[in-house]
Amino acid sequence: MRRIQSKLNTNSQEYKQFKAYNTQVMEEFRQKQFDARYTRAQRDLDRVLGQGKMLPRDRIKMLLDPGTPFLEFSTLAAAEAYDGIAPLSGVITGIGIVGGREVVINCSDPTVKGGAWFPLTVKKMVRALDIAIENRLDVIHMCDAAGGYLPLQFDLFGDKHMAGRIFRNQVQLSKMGCKQLSLVFGHCTAGGAYTPALSDYSVIVEGTGAVFLGGPPLVKAATGEVVSVDDLGGATMHTTVSGTCDYHAHNESDAIAKGREVVSQWERKVKFDLQRETPEDPYYDPSELYGIIPDDIKKGFDIREVIARMVDGSRFAEYQPDYGQTIVCGYANIHGYKVGILGNNGVLLNESTLKATHFMSLCNQNNVPLVFLQNITGFMVGQEYERRGITKDGAKMLMVQGGVDVPKFTVMTNGSFGAGNYGMCGRSWDPRTLFAWPKSQTAVMGAEQACKTLAIIKINQLKREGIEPDPALLAQIEADTLKSFEHQTSAYYTSSEIWDDGIIDPVDTRNALGISIAASLNAPFEGTNYGVMRY
Amino acid sequence: MTTETLFNKVLIANRGEIALRVLRCLQQLGIPSVAIYHDSDKNSPVVRQADEAIEIFGDSPSAAHLDVAQIIDICKRLGVDGVHPCYGFLSENAGFSRELANNGITFIGPSAEVIELMGDKITSREFVEEHGFPVPPSVDMDADAPGFIDAVAAMGFPLVVKASAGGGGKGMSIVNSKDELESTLRVAASEAEKYFGDKRVYVERYFENARHIEVQVVGDGTNVVHIGERECSIQRRFQKIIEEAPSPALDAAKRKEVCEAAAGIAKAASYVSAGTVEFLYTSNGEFFFLEMNTRIQVEHPVTEMVYNVDLVAEQVKIAAGKPLSIKQKDVVMNGHAVECRLCAEDAFNDFMPETGKVLFLKEPSGEGVRFDSGLYQGQAITTAFDPMLAKLIVHAPTRQQAIDGCIEKLKELVLLGVNTNSEYLIKVLEHAKFIEGDIDTGFVGTYATDLKKDELSAEQQRAVLSAAMLSDRSMRLIMENTPDIYASIGRWSN
Amino acid sequence: MTPTYVLNENTHAVELVRRSDDITLEIDGHLVDARIHWLDRYQCELTINGKSREVYAAQDDNKLFLHLDGKTFQLDALDEFGAGDEGGAGGGRIKAPMPGVMIESYVSEGQQVNDGDALMLIESMKLQTEIKAPISGTVKSIGFAAGASFDKGVTLIDIEVPGSE
């Protein structure tokens with residue numbers, strides 16, 4: 001494989017301008033991430049520490065193997081919701097390594113409203129378990145939650161993918177042979193009690209851990225019975241009388257030690273033997289990405305420059321390099337693993353759409369995972385393209401993309417608009433993980449385009465009613481709409497809503513993809529049903 | 001070489017390094033050997049290498065080795081006609097010697113009478129004094145007698161309380177003032193009763209900064225030769241830890257005087273076999289008889305290397321009725337030898353005994369290097385026996401070369417699993433005063449502030465901690481099980 | 001988890017940062033480059049920040065023994081999950097300074113003792129030592145009967161100080 005010949009000029013005005021901009025963007029991002037992870041009211045920290053508990057990140061650090069990474073999902077979940085009272089949405093999820101095995105971590109954060117479940121908390125947990133199911137990963141639950149956040153119960157209970165889905169996912173995981181361990185550090189009440197109960201193994205901490213369908217206040221209200229937390233559902237009772245929990249731990253570190261021992265008994269899965277070569281760092285410095293990503297969504301850049309700073313040795317075997325040049329397709333290695341990369345270099349035209357479709361079929365036939373680097377405003381519109389079947393071509397792309405059996409991974413590098421989002425494997429198309437760069441945008445169409453469109457619609461409507469549109473008013477409407485749109489298309493918004501698995505530093509993309517790919521190999525590649533069609 | 005057999009079969013009534021050393025001699029002389037062992041020693045080298053090995057039983061390993069009846073019974077059953085008692089245990093037990101004789105078995109050592117004479121510190125002192133050799137001032141009374149305490153106090157302090165039946169540095173306590181005297185006498189009596197079966201104690205003036213110089217003698221009942229002196233001033237708790245031959249304190253004239261005195265004492269006792277006469281040598285050249293050890297000593301190798309003799313072989317031949325093969329004129333000093341006793345202890349922490357297991361052993365070797373040990377991999381080091389694990393002896397043309405050799409070999413020696421005094425020994429060997437030869441029995445105490453463990457440099461500490469983590473079995477297992485990609489991404493989070 | 005080791009009574013965290021051909025460690029907050037090449041079960045060549053050494057290593061449970069630079073080191077692998085069981089040694093709890101055998105106890109349970117009183121006689125490596133009371137109080141429990149042997153660090157005698165738990 002040949003190394004990409006970078007044409008980047010790190011001394012250019014543009015490079016320096018973009019770099020200054022992105023440096024600031026990264027600072028802002030890191031601050032938001034830090035706040036979400038660590039900034040808490042002192043009384044919340046005191047309350048948890050005062051109960052003799054460890055902070056959740058310390059629990060995770062003690063649990064995970066030394067010298068191993070932790071790929072955290074959706075740190076900024078709920079960052080723009082609930083008036084900001086639920087950073088992280090109260091739960092830490094991610095992929096970590098315990099006993100050499102990949103595990104999905106589902107760890108409540110009791111410093112956020114006692115670990116209460118907000119609608120987005122539930123969504124984040126369901127997503128983590130979906131990731132476990134899709135990639136056949138074992139799960140470790142670290143339970144310490146107050147229960148559902150009642151003021152918003154309507155939004156977290158009734159529907160198909162709400163709270164019940166957590167437990168349904170737990171059942172599916174167990175059925176497919178994925179192990180689950182629950183470390184009960186705090187209260188598991190009502191529905192929450194099912195997390196340890198549905199876990200294959202559970203450890204409960206003396207004094208602070210408790211599992212019950214109804215806590216003492218509810219029991220008293222329901223039947224008049226007066227009983228203490230410990231007697232009702234404490235560690236001793238559940239490990240000696242009811243058998244609901246397996247191991248009694250006398251403190252948190254003992255629980256974690258027992259947890260690690262449990263995991264060491266789990267079988268080592270046979271992973272799919274994806275083609276792998278000796279890993280190599282990219283030849284070009286990944287931090288140059290800060291000078292490549294533009295300071296304006298409308299400015300373009302060569303996606304090959306991004307690829308060159310992400311793949312092993314900056315080597316890339318480009319597919320059909322002279323055809324359909326608004327999409328770049330080719331093979332590369334990420335941390336040694338062979339992948340097929342698709343990256344946008346402009347709008348999707350007929351040729352590029354068909355090239356992408358063909359390439360995806362090739363990767364499927366070749367048992368190579370797909371990595372989508374999205375920077376797409378959409379498919380080309382207009383009469384010429386419609387006559388040539390751009391809609392049909394788009395459908396072909398979707399049919400193949402949606403039907404491949406190899407794992408898919410998506411990164412929103414810049415824009416992700418309209419049907420382009422779909423073709424390039426957006427959220428609804430089941431990429432195993434989807435990460436977004438801080439300044440990326442996702443929407444039906446770009447904010448400016450949307451505002452102009454809405455303005456045109458408004459003008460037409462007013463005209464139909466016989467009213468002459470007031471330019472000042474129109475300008476105001478446009479400005480307000482633009483602002484609202486910009487907010488709702490921003491990565492911070494989409495990440496807050498958990499429409500992605502987290503915003504990441506562009507430089508971290510390589511590791512995030514490497515870990516995602518390695519974890520995905522725990523699920524078998526299903527195999528193709530059709531030969532490759534030359535679309 | 002000789003067709004006549006010295007013995008039909010010799011039983012080694014001991015264990016550890018000395019039993020192995022005696023076995024080597026028996027092998028060289030072509031004499032069939034029997035080793036006796038307590039269960040805790042069943043995997044030791046001497047048990048594996050002896051021609052026959054018989055298990056002995058007792059309430060404790062030591063008790064088994066002191067069980068006269070059991071040992072004699074074994075001798076009779078196996079047709080043993082000679083027993084080498086080595087040092088410690090029954091080596092100075094006259095009763096054992098007699099019982100063997102009663103059963104027609106030769107005790108490879110002096111006669112029971114001489115053992116008793118020299119074994120009793122009070123009678124041996126009197127014997128030596130009678131024959132005109134110098135002894136240290138003491139109180140000529142029974143410890144029980146009224147007025148004893150006052151007489152002792154009148155002699156002046158410091159004093160040393162010694163068990164009459166003691167020896168080898170055991171059963172001795174220093175008293176610095178009258179207040180300490182009573183409790184020290186009590187504990188000393190208790191220890192004496194327990195270890196030596198005889199609670200009699202006597203008290204001598206203690207010469208704080210004297211040198212311990214001893215002379216190796218060998219006799220066959222008619223003739224006695226001396227084989228030079230050894231200096232054993234480096235001691236802790238009255239036990240030697242570094243010995244050397246010859247003594248750096250003696251010039252040729254003094255050497256002759258001390259050695260001939262020793263030979264004279266041995267001759268007066270018509271001494272048979274190998275023995276050692278121990279003297280106290282003061283800073284103004286005076287010397288006093290301390291005790292005579294009627295057995296082969298721990299530190300005999302330094303003499304063997306400097307004078308090119310095999311003392312154990314000599315003992316065996318003499319016991320078989322042969323005359324002394326060494327002539328005094330043939331006793332010629334060649335070079336210098338230093339012995340270091342490797343002990344299981346935390347030497348920098350008041351020499352607290354340590355226990356453990358020999359997890360790994362790599363013995364030092366080389367030109368002029370002798371490593372006498374009964375150590376084997378897997379051996380449990382417990383409080384059942386003496387903390388001495390092995391002896392390192394280096395023989396070289398000069399004293400400094402012998403010292404340098406010891407330091408080099410102590411560093412080369414690898415013994416993992418139990419804490420030893422090797423670093424401490426090196427500190428002594430590197431000390432300016434030791435190098436000058438300006439030493440006495442107070443050395444360890446006098447230079448205690450110098451003999452402190454070296455601080456680790458930051459770099460060394462990093463190396464030690466890195467090595468620890470990377471060799472830690474549980475960490476190696478974790479690292480082995482971490483898939484490559486996660487190991488190379490390492491400790492990272494987004 | 002964080003690998004932690006006790007060397008000369010000081011605790012050190014030796015974190016694994018990264019491992020491929022080279023290993024990066026973080027010791028007490030400082031990054032260290034390491035390479036290790038095992039020659040056999042006990043012997044390896046260790047290179048730290050460019051300096052190579054021969055190292056011998058052996059282990060008994062959580063006790064690690066190392067030989068390098070001509071010296072032997074013993075470290076304890078600290079179990080960070082350590083149950084933290086029997087709380088610290090109280091003022092009245094006397095631990096054995098070395099392994100040995102109990103010879104005789106001069107006191108019995110429930111007896112009042114004063115600071116400096118002789119409590120018991122122990123013996124180790126043929127050396128007898130009298131254990132004296134470090135404080136005044138009541139003898140709560142005696143660890144061993146006459147003739148029983150004990151390891152270093154175990155509780156020989158527990159003295160209850162009046163007014164404390």
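Heavy-atom basis, side chains included; hydrogens, waters and symmetry copies ignored. For clarity, every value in this text was computed on a predicted model and none was experimentally measured. So that the names make sense, note that chain A is the first sequence line, chain B the second, and so on, each numbered from 1.
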Tell me which of these, C/K51, C/H30, C/R41, C/Q74, has more heavy-atom pairs under 4.5 Å with chain B than the rest. C/K51

Taking every heavy-atom pair that is under 4.5 Å apart, which of C/L121, C/D69, C/D22 has the most such pairs with chain B? C/D69

Quick one: sort the B/F360 and C/Y56 rings into parallel, tilted or perpendicular, breaks at 30° and 60°. parallel

What residue, out of C/A77, C/A57, C/S20, C/A34, has the most heavy-atom pairs lying under 4.5 Å from chain B? C/A57

Sort out for me which of B/E408, B/M475, B/R476 touches chain C most, counting heavy-atom pairs under 4.5 Å. B/R476

How long is the span from the CZ atom in B/F351 to the CZ atom in B/R236, to the nearest 0.5 Å? 6.5 Å

Among C/R18, C/Q59, C/K63, which has the most heavy-atom pairs under 4.5 Å with chain B? C/Q59

Relative to chain B, which segment of C/N8 carries a heavy atom at a distance below 4.5 Å: side chain, backbone, both, or neither? side chain

Between CG of C/L7 and CD of B/Q461, what distance do you get to the nearest 0.5 Å? 5.5 Å

Residue from B/L410, B/T482, B/L456 scoring the most non-hydrogen pairs under 4.5 Å with chain C is B/L456

Comparing C/M1, C/E15, C/Q43, C/E130 against chain B, the one with the most heavy-atom pairs below 4.5 Å turns out to be C/E15

Basic-acidic side-chain contact under 4.0 Å: B/E191, B/K194: no

Run the salt-bridge test on C/R53 and B/E459 with the 4.0 Å N-O cut-off and return the result as yes or no. yes

Main-chain N/O of B/G16 paired with B/D41 side-chain donor or acceptor, under 3.5 Å: no

Quick one: what part of B/I478 sits under 4.5 Å from any heavy atom of chain C, side chain, backbone, both or neither? side chain

Heavy-atom side-chain contact between C/H67 and C/F65 under 4.5 Å: no

Quick check on the interface: out of C/V32, C/N49, C/L16, C/I103, who has the most heavy-atom pairs with chain B under 4.5 Å? C/L16

So which of B/A463, B/G417, B/S466 has the biggest tally of heavy-atom pairs under 4.5 Å with chain C? B/G417

Quick test of your reading of the model: are B/R462 and C/D28 salt-bridged, counting only N-O distances below 4.0 Å? no

Per-residue contact mode, B/E455 against chain C (heavy atom under 4.5 angstrom): neither

With a 4.5 angstrom heavy-atom cut-off, could you sort out which part of C/E26 is near chain B: side chain, backbone, both or neither? side chain

Between C/Y5 and B/D472, does any side-chain donor sit less than 3.5 Å from a side-chain acceptor? yes

So, the side chain of C/S105 versus the backbone of C/V107: is there a donor-acceptor pair under 3.5 Å, distance only? yes

Interchain contact, C/V55 with chain B, by part (heavy-atom threshold 4.5 Å): side chain

Residue selection (most heavy-atom pairs with chain C, distance under 4.5 Å) from B/E345, B/K362, B/K453, B/K357: B/K362

Please state whether the side chain, the backbone, both or neither of C/L66 comes within less than 4.5 Å of a heavy atom of chain B. both

